[in-house]
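Reading through the structure tokens given below for one structure.
Since the model is a prediction, treat every value here as computed from it, not as a measurement. Whatever order the structure lists them in is the order used to number ligands and atoms, beginning at 1.
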Amino acid sequence: MDLVLSLDRTATVPLYQQLAEELRSAVLQHRLQPNQKLPPSRILAQSLAISRVTVTQSYDQLVSEGYLETRRGAGTFVCAQLPEIYLNADAVEPQPSASSELIHLSRFGSDLLAARRLEGPSPQARISFRYGNPATGLFPMALWRRLLARHCHTAPTLMNYSADVAGYLPLRQAIAQYLSRSRAVRCCPEQVIMVNGSQQALDLIARLTLDPEDWVAMEDPGYLGARYCFMGQGANLQPIPVDAAGLEVEALQQCPQSFKFVYVTPSHQFPTGATLSLVRRLALLQWAQHTGTLILEDDYDGEYRYGDRPIPSLQGLDRHNTVIYVGTFSKILFPGLRIGYLVVPIAWIPLVRQAKWLCDRQSAMLEQYALTDFFTEGHFERHIRRMRHLYNQRRQILVTALREYFGDKVTILGENAGIHLMTKLDTPLADEAVIQRAASVDVGVISAQGYYLKTPKSGEFIFGYSQLDEMEIEQGIRRLAQVLKR
Ligand SMILES: Cc1ncc(COP(=O)(O)O)c(C=O)c1O
């Protein structure tokens with residue numbers, strides 16, 4: 001066997017392990033072929049000037065791992081079938097596979113299989129008006145790194161199972177105070193339960209409340225992450241239209257069926273940008289109390305209002321424990337952080353804690369420690385102030401550009417808030433044609449059609465502006481207007 005095997009006698013790794021590693025690599029790299037005979041241990045030991053026991057130890061290890069096999073009276077051979085063929089995912093070519101291979105699926109699994117892609121569109125253009133991400137480049141990463149490093153050294157509970165399933169209490173205290181100040185949410189820290197982003201909050205509540213065929217009322221158009229989550233539990237969805245004052249509560253009141261809950265984004269309706277008026281908030285709360293329906297309030301970007309004072313959250317107006325409030329740090333800090341929270345009525349605390357435990361035991365602690373300092377040292381409010389100013393500017397530039405280049409062919413929907421806006425474009429073109437023409441000049445736009453449950457309206461487009469600078473926004477809208485005029 002003319003195989004090069006290099007062993008380092010000065011290394012701390014035992015020789016038999018080194019030899020096993022060398023032989024394993026030779027097998028995986030096909031320098032040793034399946035069924036090839038290995039030299040007798042005595043011969044290999046002599047040629048490597050090591051003890052025979054060392055060779056037999058490494059052979060034994062590779063036999064136990066399934067790389068080698070001993071054939072009685074014949075010697076040691078490379079196995080015909082190698083474990084890595086199954087273990088090493090890199091070696092497996094992705095093959096188009098038939099969905100018929102997926103057997104034993106639950107109803108949830110089958111529904112997911114039949115569903116379209118879950119993520120919303122994210123056009124890959126030089127100037128992409130994709131929405132959702134904040135301006136992550138402006139996040140104070142050096143500071144964040146310092147805060148993380150601080151707790152890597154100091155927090156033993158980070159490493160154990162001993163953390164509170166509902167999250168780090170000082171962080172929940174900071175969040176409760178912040179929500180009370182800025183969103184008029186009324187809660188004690190124990191009601192705040194940390195989760196991995198709002199998506200997990202929606203999932204936990206859906207799982208705790210929905211049985212197949214239960215009814216959920218949803219804004220139409222609405223958030224896909226919520227829609228698919230509720231559908232995944234087998235719920236029937238009742239679309240409720242949205243106008244300039246948010247969810248049409250009168251339409252909800254006229255529905256004959258009883259709902260497990262109604263899902264709303266009252267601060268900044270997704271995707272239209274409408275704010276649920278105070279009158280409708282009160283009507284919704286009254287209806288919920290009267291019908292015994294839960295309200296799931298998703299306040300995903302309520303921090304970003306430019307101009308007028310925010311209307312208090314539904315949770316803050318509620319006096320009958322009908323609201324479960326969901327918040328996230330995805331839009332303020334960054335979505336990859338995966339930190340969000342639920343604020344649940346007191347009676348729900350033990351149940352939601354149990355559900356969270358069963359789901360994933362707890363959220364990661366290191367980031368929660370860092371986030372607590374980010375709050376208590378004032379960085380959080382400073383960062384919000386800075387980003388609010390920036391997004392306000394970007395929004396005004398977008399609005400000005402839309403008005404300048406589209407004139408009376410554009411209606412801007414929604415309030416002066418958030419990190420995206422929705423428009424109605426007066427164009428004879430189908431939405432797909434608008435998207436294609438935009439793409440031809442390297443501009444990415446998103447149609448709102450996919451967000452409708454009932455009858456999609458055409459000509460409505462969503463423009464995210466958080467990650468584009470002034471020039472890009474202006475240029476993108478100019479190019480879009482020009483290419484649509486052709
Ligand atoms: C309506 C709505 N809710 C919640 C979220 C945030 O989800 P998460 O906290 O899981 O990142 C988004 C993000 O785009 C959203 O649009």
Geometric class of the Tyr131/His420 ring pair [parallel <30°, tilted 30-60°, perpendicular >60°]: tilted
Sub-3.5 Å N/O-N/O distance, Ser330 and ligand 1: yes
For Arg338, the ligand 1 atoms whose distance to one of its heavy atoms is below 4.0 Å: 8 (P), 10 (O), 11 (O)
Atoms in ligand 1 flagged as close to Gly197, the criterion being non-hydrogen separation under 4.0 Å: 9 (O), 10 (O)
contact_flag Tyr263 ligand 1 heavy-atom lt 4.0 Å: yes
Mutual orientation of the aromatic rings belonging to Phe374 and His379 [parallel < 30°, tilted 30-60°, perpendicular > 60°]: tilted
Which of the ligand 1 atoms, numbered from 1, are nearer than 4.0 Å to a heavy atom of Gln199: 10 (O)
Nearest option to atom 15 (C) of ligand 1, as decided by whichever heavy atom of Phe329, Tyr223, Phe334 sits closest: Tyr223
Stepwise side-chain contact (heavy atoms from CB on, under 4.5 Å) test for Arg280 and Glu248: CA-CA 8 Å; Arg280 285 202 185 159; Glu248 291 183 18; 4.0 Å; yes
ring-ring contact (aromatic ring centres under 6.0 Å, His included) contacts in which one or both residues fall within residues 456-486, not counting sequence neighbours: Phe129-Phe463
Which residue and heavy atom of the protein sit nearest atom 6 (C) of ligand 1, plus the separation: Ser198 OG, 3.5 Å
Pairs flagged by ring-ring contact (aromatic ring centres under 6.0 Å, His included) wherever residues 156-198 is involved - sequence neighbours left out: Tyr168-Tyr369, Tyr178-Phe375, Tyr178-Phe380
Any Lys331 heavy atom less than 4.0 Å to ligand 1: yes
Pick from Leu337, Asp298, Ile339: the one approaching atom 3 (N) of ligand 1 most closely through a non-hydrogen atom: Asp298
Ligand-residue contact atoms, ligand 1 with Thr328, heavy atoms, under 4.0 Å: 8 (P), 9 (O)
Straight-line distance of Glu460 CD to Thr411 OG1, nearest 0.5 Å: 9.5 Å
Donor-acceptor contact present, side-chain Lys331 to main-chain Gly132, <3.5 Å: yes
Of Val192, Thr372, Val343, the residue whose pairing with Arg172 passes side-chain contact (heavy atoms from CB on, under 4.5 Å): Val192
Atom indices of ligand 1 within 4.0 angstrom of Tyr300 heavy atoms, with elements: 1 (C), 2 (C), 3 (N), 4 (C), 5 (C), 15 (C), 16 (O)
